[in-house]
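Sequence lines set the chain letters: A, B, ... in the order given, protein chains first and strands last, and positions in each chain run from 1. Bear in mind the structure is a predicted one, so any value in this text is a computation, not a measurement.
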Amino acid sequence: MPQDSTFSFENPEYRATYWHTCSHVLAQAVKRLFPDVKLAIGPSIDEGFYYDMDSPFPFTPEILEQIEAEMRKICKEKLKLERFELPRDQATAFMEERGEPYKVELIHDLPEDATISFYKQGEFTDLCAGPHLDSTGRIKGNALKLTACNAAYWRGDSSRQTLQRIYGIAFPKKDELDAYLQRIEEAKKRDHRRLGKELGLFMLRDEGPGFPFFLPKGMTLKNTLLDYWRAVHKKYGYVEISTPIMLNRQLWERSGHWDHYKQNMYTTVIDDVDFAIKPMNCPGGMLVYASEPHSYRDLPLRVGEIGLVHRHELSGALHGLFRVRCFNQDDAHVFMTRDQMQDVIQETVRLFDEVYSVFGLSYSIELSTMPDDHIGTVEEWEQNQNILKNAITAMGKDFVINEGDGAFYGPKLDFHLSDSLGRTWQCGTIQLDSQLPERFELEYTGEDGEKHRPVMIHRVVLGSIERFIGVITEHFAGAFPAWLAPVQVKILPVTDRAALYANTTANQLDQHGFRVEVDARNEKIGKKIREATLEKIPYMLVVGDRDIENNTVSVRRRSGEDLGPMTLDSFLAMLQEEVTQKTIR
RNA sequence: GCUAGCGUGGCUCAAUGGCAGAGCACAUCACUCGUAAUGAUGGGGUUGUGGGUUCGAUUCCCACCGCUAGCUCCA
């Protein structure tokens, strides 16, 4: 591939090609150093590349350095990459001869009419569809780094061979690699597990793996978030309920969870009857709907629930607040007639837009379609998928299709928010469901006086309150906007003489509903400022003799901005405005 | 669950087959100070848990628990 201006590293296709060729260089280096290692697959990914290999020994950091050095050599050798094709039987023989069983399996599984192509660079040849750079000399050896080595299952199947995956990253310039590594370091600093500990938000203990404890400051954050959630939902016409955490087996059989979700459910026996702790809120919600008759005039009926659910996740999947075994879903079920579906979905997306914009979070939408393990007919699924598609298309929103990833009861729209590490987290979801109303025989009386079956959506905006708190902790690097900050104002008396004035000021702020603390320790003002800044408290009020005399407070932001002395009333007005507007600064 | 690595005061981290240490935090005392760390003194640890090897284990070995990275799965 020629390296002219159309093939800049900014171009995603060129970048993928560059990284893909890097993965071949990686494989070549490993084969030179360790001929016994068997090669599996080695693609480019969003950030860099990897190669899966079957090795009789683990790749230690020292070995990775050796491999990296060999890769640099290969780049310097400027080996030409040459493509050639072979018919299936010759291709198989070629890889069998080289002792590459994984490649043989890949060839075997290629479609009948597939072109089987290879890329050769020096003594090394790999099965590959391409494309590739024209020479290993195109790769900048000193801007290349192997970043990790981890386990991966052959073909992503946990019942098959565990392979070792070597990850790498590469750029055309050394400073771009340095900037990338710098960015990873920065991201580590805002890891919500670290900040959660430093800021006293939550903790995890060996006694309850995956079951987070919320500490006073984290609880304030969570409650403030929920206050906002309730206000928004009230505006959009929702009512709120709460359903039990544990319900009997019969209910879960009726909902389908006992058959489709049991491996993730915590169960127990009470008075010889099987019970399950709810992994989802829907069945309880169905019982509430079914508890009284409904008219078409009530629809759409929007019923919200902050529901605590428990799911038995694999121990290796647990990750701070991002992946836990018990969490609160900001759930809601909207019951409606079939012809209200499009409107309700659009209204829900508008609600999502409103909420996400408050946090300054961007998202992308994924449409997940019928999985293998599903209930309901194919026609119904297609019809429902089209309703979702049409609703968002009409709003001018883009989406990608995630084939076969729907819930077992219906297709869904997933909203993926981006975090500071560039990872995306599924938070919001809108799931269409005509199955549960059927199973629970939900009804409403139509205009015609006849009984009809409603349809419903399950939807969450924040997804899991816990995960969302993790996401925004990283997003804001712990410096929450004033409306959310667990402590909004810290009052810092300069000397003991200002202690009384500090307390009076604190009381006034408290009476106006602000969250305030006083740092009355016998420490220098510099130290108090330093610590309040590290605690990421939005506003510091320094009060000393001068302020007492002039009846002022000296205002400083956590950013270091010194707003100077002002009356408490001016400060109150400023803070009130910032909190009401939910300003991000 | 799988593969690899890790587990030392509240936190961040040293050290060693032979008396377990530092900084921060905490407590006490002095200092009363105006925008990112005042000083001194002191208390605090069965080195994740249980076994084993050894004269002696925090260090070596085994099992279990938990954590980290990734795979798988997912809000």
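The residue A/Ser554 sits close to a base: some heavy atom pair falls under 4.0 Å. Contacts of A/Val542 with the nucleic acid, taken as non-hydrogen atoms under 4.0 Å apart, include base atoms. Contacts of A/Tyr167 with the nucleic acid, taken as non-hydrogen atoms under 4.0 Å apart, involve only primed sugar atoms and P, OP1 or OP2. Residue contacts for A/Glu313: at a heavy-atom cut-off of 4.0 Å it reaches a base atom on one of the strands shown. Base engagement by A/Arg467 is indicated by at least one non-hydrogen atom pair under 4.0 Å involving a base atom. A/Val324 comes within 4.0 angstrom of a base, heavy atoms only. In this structure, A/Ile525 reaches the sugar-phosphate backbone alone: every heavy-atom distance under 4.0 Å involves primed, P, OP1 or OP2 atoms, never a base. Residue A/Ala152 is classed as a sugar-phosphate contact, given heavy-atom separations below 4.0 Å to backbone atoms only. When heavy atoms are screened at a 4.0 angstrom cut-off, A/Gly316 is found touching base atoms of the nucleic acid. Among the protein residues, A/Asn150 comes within range of the nucleic acid bases, having at least one heavy atom under 4.0 Å from a base atom. Using a 4.0 Å heavy-atom criterion, one finds that A/Ala317 contacts the bases of the nucleic acid, with or without backbone contacts as well. Nucleic acid contact class of A/Asp545 (heavy atoms, under 4.0 Å, all strands): base. Within the nucleic acid shown, A/Cys427 comes within 4.0 Å of sugar-phosphate atoms alone, with no base atom in reach, counting heavy atoms only. Looking at heavy-atom distances under 4.0 Å, A/Asp547 makes contact with a base.
No salt bridge links A/Arg155 with A/Asp157; every basic N to acidic carboxylate O contact stays at or beyond 4.0 Å. Taking 4.0 Å as the cut-off between side-chain N and carboxylate O, A/Glu466 and A/Lys222 count as a salt-bridged pair. Residues A/Arg190 and A/Glu474 are not paired through a salt bridge, judged by the lack of any N-O separation under 4.0 Å between the basic side chain and the carboxylate. At a threshold of 4.0 Å, the pair A/Arg556-A/Asp562 does not count as salt-bridged, since none of the basic side-chain nitrogens sits closer than that to a carboxylate oxygen.
Across the P atoms, B/U47 and B/G18 are found 15 Å apart, a figure rounded to whole Å. For the C1' atoms, the distance linking B/C24 with B/A36 amounts to 16 Å, nearest Å. Nucleotides B/U59 and B/G9 place their P atoms 14 Å apart, quoted to the nearest Å. Between B/C19 and B/U12, the distance separating the two C1' atoms is 25 Å to the nearest Å. B/A14 and B/G7 have their C1' atoms separated by 15 Å, with the value rounded to a whole Å. Taking atom P on both nucleotides, B/A37 is separated from B/A75 by 47 Å, rounded to a whole Å. Look at the P atom in both B/C62 and B/A4: the space between them is 12 Å, to the nearest Å.
Note on A/Arg193: a side-chain N or O is less than 4.0 Å away from OP1 or OP2 of B/U68. Between B/A75 and A/Gln426, a contact under 4.0 Å exists linking OP1 or OP2 to a side-chain N or O. Taking 4.0 angstrom as the limit, A/His319 places none of its side-chain polar atoms (N or O) nearer than this to OP1 or OP2 of B/C74.
Secondary-structure annotation of RNA chain B gives the stems B:1-7 with B:65-71, B:10-13 with B:21-24, B:26-30 with B:38-42, B:48-52 with B:60-64, with a stem taken as at least 3 successive Watson-Crick or G-U pairs whose two distances both fall under 3.5 Å.
Of the residues near RNA chain B, A/Glu207 and A/Met280, the one whose nearest nucleotide (by heavy atom distance) lies more toward the 5' end is A/Glu207. Nearest-nucleotide positions on RNA chain B for A/Ser315 and A/Gly320 put A/Ser315 closer to the 5' end.
Between the side chain of A/Asn328 and the main chain of A/Ile465, no donor-acceptor pair closer than 3.5 Å is present. Within the 3.5 Å criterion, the main-chain N or O of A/Trp19 finds no donor-acceptor partner in the side chain of A/Ser44.
By the 5.5 Å and 30° criteria, A/Phe327 is stacked with the base of B/A75.
Between the P atom of B/A75 and the CG atom of A/Asp405 lies a distance of 8 Å, rounded to the nearest Å. The interatomic distance linking A/Arg205 (CZ) with B/C65 (C1') rounds to 13 Å, in whole Å. To the nearest angstrom, C1' of B/C74 lies 11 Å from CD of A/Gln329. We find that CG of A/Leu199 is positioned 13 Å from C1' of B/C11, with the value rounded to whole Å. Straight-line distance from the CD1 atom of A/Ile491 to the P atom of B/G34: 19 Å, rounded to whole Å. The CD1 atom of A/Ile41 sits 12 Å away from the C1' atom of B/C71 (whole-angstrom rounding). For A/His260 and B/C74, the NE2 to P distance is 14 Å, given to the nearest whole Å.
Ring-centre distance between A/Phe352 and A/Tyr363: not below the 6.0 Å cut-off. Between A/His192 and A/Phe322, the ring centre distance stays below 6.0 Å.
Contact annotation: the side chain of A/Leu144 never approaches that of A/Val25 to less than 4.5 Å [non-hydrogen atoms, C-beta and beyond].
When only modelled atom types and interatomic distance are considered, A/Asp547 and A/Ser554 share a side-chain donor-acceptor pair under 3.5 Å.
The two residues A/Ala40 and A/Lys103 have their closest heavy-atom pair at O-NZ, 2.7 Å. The two residues A/Cys282 and A/Leu436 have their closest heavy-atom pair at CB-CD1, 3.7 Å.
For residues 495-505 of chain A, proximity to RNA chain B is found at A/Thr495, A/Asp496, A/Arg497, defined as any non-hydrogen atom under 4.0 angstrom from a strand atom.
Side-chain N/O atoms of A/Arg323 and base N/O atoms of B/C73 include a donor-acceptor pair closer than 3.5 Å.
Under the ring pair (Phe, Tyr, Trp, His ring centres under 6.0 Å) test applied with A/Phe468, the options A/Trp425, A/Tyr228, A/Phe415, A/Phe359 reduce to a single match, A/Phe359.
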Identify each atom pair where a protein N or O and an N or O of nucleotides 37-44 of chain B are less than 3.5 Å apart, giving names and distance.
| unit_1 | atom_1 | unit_2 | atom_2 | d |
| --- | --- | --- | --- | --- |
| B/A37 | N9 | A/Arg530 | NE | 3.4 |
| B/A37 | N7 | A/Arg530 | NE | 3.3 |
| B/A37 | N7 | A/Arg530 | NH1 | 3.2 |
| B/A37 | N7 | A/Arg530 | NH2 | 3.4 |
| B/A37 | N6 | A/Arg530 | NH2 | 2.4 |
| B/A37 | N1 | A/Arg530 | NH2 | 3.1 |

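Relative orientation of the A/His310 and A/Phe211 rings is tilted, given thresholds of 30° and 60° on the angle between their planes.
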